[in-house]
Amino acid sequence: EQDVLNLLPFVDVVLFSCSFAKKRGFTDPKEFLKMVVSQGNFPRNADTHIVVAWGADGAFGLSVKNESSSKPVSSDSIVHQVAIPPESVVDTLGAGDTFNAGFIAELWHSEDLSTSLQGACSVAGRKCGQQ
């Protein structure tokens with residue numbers, strides 16, 4: 001965990017999985033994100049987008065500016081996007097990779113965290129409805 005957190009100064013986007021957070025004892029995605037921010041030393045002059053996908057509960061994320069990374073994160077600053085499941089779940093294999101790709105693609109186009117989370121959850125949900 002510490003090795004991954006040491007990389008935060010070098011990235012603009014960090015995508016964590018639910019299993020990564022749970023293996024570290026977190027059952028609440030908001031608390032996990034708060035911990036990540038408290039450990040981070042974020043790049044100057046840029047927003048860092050930190051996201052954790054939480055399966056059927058959707059995804060959570062926040063954008064942190066370098067100058068605000070030393071301040072405590074409130075739960076209100078964390079964006080939550082509910083999952084967008086298919087009518088029928090066929091196969092969840094690859095849903096996390098699809099979520100990550102969807103998030104990056106949306107962020108590239110919109111530069112908006114909330115829009116990017118919605119797009120990522122949508123494409124991951126569609127993937128779950130396919131073989």
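We number each residue from 1, following the sequence as shown.
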Query raised in the report: How far apart are the closest heavy atoms of Gly119 and Glu106, and which atoms are they?
Result: CA-CG, 3.8 Å
Requested in this report: Please name all residues satisfying salt bridge (charged side-chain N to carboxylate O under 4.0 Å, His left out) with Lys34, sequence neighbours left out, ordered by chain then number.
Outcome: Glu31
Requested in this report: Identify the heavy atoms of Pro29 and Thr27 that sit nearest to each other, and give their distance.
Outcome: CD-O, 4.0 Å
Report task. Just jot down the ring-ring contact (aromatic ring centres under 6.0 Å, His included) partners of His109, sequence neighbours excluded, or say none. Result -> none
Can you list, pair by pair, the side-chain donor-acceptor contacts under 3.5 Å of residues 82-104, counting residues two or more places apart and other chains?
residue: Asp91; atom: OD1; partner: Leu93; partner atom: N; Å: 3.0
residue: Thr98; atom: OG1; partner: Gly94; partner atom: O; Å: 2.8

Query raised in the report: Is Val13 linked to Leu113 within one hydrophobic cluster, defined over Ile, Leu, Val, Met, Phe, Trp and Tyr using a side-chain heavy-atom separation of less than 4.5 Å?
Result: yes
Requested in this report: Using side chain to side chain contact (heavy atoms under 4.5 Å, CB included) as the criterion, list what pairs up with Asp57, not counting sequence neighbours.
Outcome: Trp54
Report summary line: Minimal heavy-atom distance between Gln81 and Cys121, with the atoms involved, is CG-SG, 3.6 Å
**Report entry** Cluster check Val36, Ile78: I/L/V/M/F/W/Y, side chain < 4.5 angstrom
**Finding:** yes
Report task. For the residue pair Phe16 and Phe32, categorise the inter-ring angle as parallel (less than 30°), tilted (30 to 60°) or perpendicular (more than 60°). Result -> perpendicular
Query raised in the report: Measuring from Ser63:OG to Glu111:CD, what's the distance to the nearest 0.5 Å?
Result: 11.0 Å
Query raised in the report: Can you name the side-chain hydrogen bond (donor to acceptor under 3.5 Å, both in side chains) partners of Ser77, sequence neighbours left out?
Result: none
Query raised in the report: Linking I/L/V/M/F/W/Y whenever any side-chain heavy atoms sit under 4.5 Å apart, do Leu15 and Val11 land together?
Result: no
Query raised in the report: What pairs of residues pass the side chain to side chain donor-acceptor pair (under 3.5 Å) test when at least one of them lies in residues 122-131, not counting sequence neighbours?
Result: Ser122-Arg126
Query raised in the report: Quick one: are Val14 and Leu7 in side-chain contact, heavy atoms under 4.5 Å?
Result: no
Query raised in the report: If every non-hydrogen atom of Val52 is compared with every non-hydrogen atom of Cys18, which pair is closest and at what distance?
Result: CG2-N, 4.2 Å
Query raised in the report: Same hydrophobic cluster for Val79 and Leu33, using side-chain heavy-atom links shorter than 4.5 Å among ILVMFWY?
Result: no
Query - Min side-chain heavy-atom separation Leu62-Val37 under 4.5 Å - result: yes
